[in-house]
Amino acid sequence: MDKKALWAKIAELRDAAEQARALSVDLSDPKTEQGFLELARKLEAEAAALEKKAGDKPDEVAGSW
């Protein structure tokens with residue numbers, strides 16, 4: 001995977017984590033809420049690991065999020 005694609009994947013993971021957090025707020029079931037929060041944490045951790053692997057953002061992607 002090239003650097004640009006890697007940073008695009010990181011952006012997708014961060015967006016998915018944000019959506020999972022937003023869903024957790026709208027739920028009345030504490031177990032389901034906790035599940036979405038855990039999913040958000042896992043997505044953020046995966047994004048952080050990819051960021052470490054990717055290094056600096058390429059110029060084309062730097063301002064995308």
Side-chain angles (χ1 to χ4, degrees):
M1 184 179 301
D2 70 351
K3 213 174 205 186
K4 186 176 179 181
L6 192 56
W7 279 101
K9 179 68 175 176
I10 292 166
E12 287 177 17
L13 288 167
R14 298 248 182 243
D15 287 343
E18 185 177 328
Q19 290 175 12
R21 267 191 225 86
L23 284 170
S24 74
V25 172
D26 293 337
L27 299 171
S28 58
D29 179 27
K31 267 187 140 174
T32 306
E33 178 183 346
Q34 190 60 34
F36 275 107
L37 290 173
E38 182 61 28
L39 174 60
R41 280 192 286 276
K42 287 179 181 180
L43 292 167
E44 286 288 347
E46 187 175 344
L50 288 176
E51 281 179 343
K52 197 173 197 180
K53 177 181 174 183
D56 293 333
K57 293 181 191 177
D59 292 338
E60 310 87 57
V61 182
S64 67
W65 83 84

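Under the rule for a salt bridge (Lys or Arg N to Asp or Glu O under 4.0 Å), the partners of E38 that lie at least two apart in sequence or sit in another chain are R41. When the side chain to side chain contact (heavy atoms under 4.5 Å, CB included) test is applied to A17, the partners found at least two apart in sequence or on another chain are R21, A40, L43, E44. Scanning for side chain to side chain donor-acceptor pair (under 3.5 Å) contacts around D29 gives T32, with sequence neighbours left out.
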List the steps and the verdict of side-chain contact (heavy atoms from CB on, under 4.5 Å) for E51 and W7.
-> CA-CA 7 Å; E51 281 179 343; W7 279 101; 3.6 Å; yes
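How far NZ of K52 is from CD1 of I10: 13.0 Å, rounded to the nearest 0.5 Å.
Between A54 and L6, the shortest heavy-atom distance links the atoms CB-CD2, 3.3 Å. Closest heavy-atom contact between L39 and A20: CD2-CB, 4.2 Å.
L37 and L23 fall into different hydrophobic clusters, where Ile, Leu, Val, Met, Phe, Trp and Tyr side chains are chained together by heavy-atom contacts under 4.5 Å.
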